[in-house]
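Contents: one structure, followed by commentary.
Note that the structure is a prediction, hence the values are computed from the model and not measured. Each chain gets a letter, A, B and so on, in the order its sequence line appears, and its residues count up from 1.
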There are 2 protein chains.
Amino acid sequence: MHQPDEELVSILHKKGLKVTPQRLAIFRYLANNESHPSAEKVYSDIKGELPTISQGTVYKTLSTLADIGVITELKINNGQSRYDSNTSVHVNVICPRCNNITDYQSETIIKFWKKLSKEIGGKISGQRFDVYKECSTCEK
Amino acid sequence: MHQPDEELVSILHKKGLKVTPQRLAIFRYLANNESHPSAEKVYSDIKGELPTISQGTVYKTLSTLADIGVITELKINNGQSRYDSNTSVHVNVICPRCNNITDYQSETIIKFWKKLSKEIGGKISGQRFDVYKECSTCEK
DNA sequence: TGCTAATTGAGAATCATTATTATTTAATAC
DNA sequence: GTATTAAATAATAATGATTCTCAATTAGCA
């Protein structure tokens with residue numbers, strides 16, 4: 001696992017934002033977490049490291065990190081947002097039962113995105129590809 | 001414009017659900033509407049036809065129509081759901097400023113979906129492809 | 001025409017998220 | 001190091017979309 005802090009610190013400086021323990025901890029947590037946690041999950045897990053952090057700070061920090069582009073926010077069908085430190089083009093494989101999310105990446109997706117973005121044209125600022133598929137746990 | 005009622009009535013019968021004026025009106029409204037309206041917009045527009053309809057009924061009806069697969073629900077980043085009677089594989093081109101949504105369809109997408117669903121495998125129950133791009137109105 | 005379960009309408013309740021504000025703190029200058 | 005100051009945080013209230021509850025109504029069938 002590489003050091004994610006340097007990247008974040010450099011971007012925060014570039015944007016004129018402060019480097020705070022809350023921002024570092026939440027970013028680090030997501031960088032080491034494949035599970036696309038909700039804000040609530042981030043809050044309850046991060047309290048081990050920062051016991052006095054508030055829910056509001058978690059929400060604002062996640063939103064800030066998404067604004068500067070180091071994480072992505074996914075509003076899913078159960079009404080909550082999930083957060084992902086994988087900012088490259090990929091497919092979110094979402095279990096329609098338990099809302100577990102895993103990332104899927106392949107050449108097919110990269111090529112499709114190249115072709116599609118050219119086809120659509122204009123100032124494209126992002127994309128999101130979801131596939132709904134029952135996870136192995138729910139299948140049973 | 002073809003008659004959308006027959007299709008809906010047949011599916012409702014198949015599922016053992018009742019054919020109500022509310023369900024017909026909301027489905028017809030969406031079938032003739034490209035703009036991916038919110039529940040609130042559906043409610044305020046449908047009141048012209050059904051003045052006594054309640055917001056709760058609109059929400060429940062939209063959810064029912066999505067459950068039986070005749071419309072799709074899109075939770076977007078401003079926190080609301082948008083509804084679309086286009087249930088074929090397509091890309092939602094979403095304006096990140098005003099949240100206007102237009103559908104984009106092409107061979108590229110059809111081919112990609114065939115390839116991707118084979119690649120991922122398993123019981124896939126749906127998909128959603130979004131592209132964020134400023135609409136012509138917001139560009140100005 | 002009457003019966004019955006599903007649906008509707010009205011309003012209360014919920015849940016995730018956002019806003020407010022006083023306090024604290026990171027970053028910069030001295 | 002210490003002071004300054006604007007930005008960030010913590011606590012809590014407020015919001016907004018959606019869901020729930022339940023009595024009244026209605027579609028579908030006998």
Side-chain angles (χ1 to χ4, degrees), chain A residues 5 8-27 29 36-68 70-83 99 101, chain B residues 5 8-27 29 36-68 71-83 99:
Chain A
D5 290 5
L8 177 59
V9 169
S10 131
I11 296 177
L12 288 173
H13 281 158
K14 216 174 295 175
K15 303 268 180 180
L17 297 169
K18 292 185 177 174
V19 177
T20 67
Q22 291 86 349
R23 285 171 178 168
L24 284 173
I26 290 174
F27 179 68
Y29 172 79
H36 303 69
S38 64
E40 185 55 41
K41 182 73 162 52
V42 173
Y43 174 57
S44 70
D45 283 356
I46 215 79
K47 274 199 291 192
E49 190 176 343
L50 299 170
T52 64
I53 199 169
S54 71
Q55 244 180 351
T57 298
V58 172
Y59 275 101
K60 192 123 62 69
T61 301
L62 288 168
S63 154
T64 302
L65 295 177
D67 283 347
I68 64 176
V70 297
I71 66 173
T72 55
E73 179 178 352
L74 283 184
K75 269 213 157 69
I76 63 166
N77 288 330
N78 71 354
Q80 21 165 58
S81 280
R82 298 296 195 81
Y83 299 89
N99 293 307
I101 305 174
Chain B
D5 290 6
L8 177 60
V9 168
S10 128
I11 296 176
L12 288 173
H13 282 156
K14 216 173 295 175
K15 303 267 180 180
L17 296 170
K18 293 184 175 173
V19 177
T20 66
Q22 292 84 351
R23 284 171 180 167
L24 284 173
I26 290 174
F27 180 67
Y29 172 79
H36 303 70
S38 64
E40 185 55 42
K41 182 73 163 52
V42 174
Y43 174 58
S44 70
D45 283 357
I46 215 78
K47 273 199 289 193
E49 190 177 344
L50 299 170
T52 64
I53 199 169
S54 71
Q55 242 180 354
T57 298
V58 172
Y59 274 103
K60 191 123 63 72
T61 301
L62 289 168
S63 154
T64 302
L65 295 177
D67 282 348
I68 65 177
I71 66 172
T72 54
E73 179 180 350
L74 281 184
K75 270 215 156 73
I76 63 167
N77 288 332
N78 71 353
Q80 27 167 51
S81 281
R82 298 296 195 77
Y83 299 90
N99 293 306

Note: A:L65 and A:R23 closest approach over all heavy atoms is CD1-O, 4.4 Å
Which of the following nucleotides, D:dT9, D:dT26, D:dT18, is nearest to the side chain of B:K18?
D:dT26
According to a strict under-4.0 Å criterion, is B:S81 in side-chain N/O contact with OP1 or OP2 of D:dT18?
yes
Find which nucleotide of DNA chain D each of B:E73 and B:P21 is nearest to by heavy atoms, and output the residue with the more 5' nucleotide.
B:E73
Rounded to the nearest 0.5 Å, what separation is found between the CD atom of B:E49 and the CD1 atom of B:I26?
9.5 Å
Students should find this one: the first and last nucleotides of DNA chain C, 5' to 3', lying under 4.0 Å from a heavy atom of chain B. What are they?
C:dA5 to C:dA10
Nucleotide D:dA10, atom P - distance to NZ of A:K47 in whole Å
12 Å
Report the distance from atom CG of A:L50 to atom OG1 of A:T20, rounding to the nearest 0.5 Å.
9.0 Å
Which part of the nucleic acid does A:T52 contact within heavy-atom distance under 4.0 Å: base, sugar-phosphate only, or nothing?
sugar-phosphate
Side-chain donor/acceptor of B:T64 to backbone N/O of B:K60, under 3.5 Å:
yes
Roughly how far apart are B:E73 CD and A:N77 CG, rounded to 0.5 Å?
6.0 Å
One should read off an interatomic distance between B:S63 OG and B:I71 CD1, to the nearest 0.5 angstrom, of 8.5 Å
Interatomic spacing from CD1 in A:I76 to CG in A:N99 - rounded to 0.5 Å:
4.0 Å
Nearest-Å distance for atom pair CG/P, residues A:L24 and D:dA8:
13 Å
Kindly indicate whether the side chain of B:K47, heavy atoms from C-beta on, has any atom under 4.5 Å from the side chain of B:I53.
yes
Just checking B:T57: base, sugar-phosphate only, or nothing, at a heavy-atom cut-off of under 4.0 Å?
base
Mind checking A:E40 for me? I need base, sugar-phosphate or nothing, with any heavy atom below 4.0 Å counting as a touch.
nothing
Which whole-number value in Å describes the distance from A:L17 CG to D:dA8 C1'?
10 Å
Rounded to whole Å, CG of B:N77 lies from C1' of D:dG16 at a distance of 16 Å
Taking the axis from the first five pairs and the axis from the last five, what angle separates them in the helix from C:dT1-D:dA30 to C:dC30-D:dG1, rounded to 10 degrees?
40°
Nearest-Å distance, CD1 (A:I26) to C1' (D:dT9)?
11 Å
Would you give the length of the straight line joining atom OH of B:Y29 to atom CG of B:L62, rounded to the nearest 0.5 angstrom?
10.0 Å
Here the pair of heavy atoms bringing B:S81 nearest to B:K75 is OG-CG, 3.4 Å
Integer-rounded Å distance: D:dT26 C1' and B:R23 CZ
12 Å
What is the nucleic acid contact for B:S38, judged by heavy atoms within less than 4.0 Å: base, sugar-phosphate only, or nothing?
nothing
To the nearest Å, give me how far apart CD (A:Q55) and C1' (D:dA8) are.
18 Å
Could you state the NZ-P distance from B:K60 to D:dC22, rounded to the nearest angstrom?
14 Å
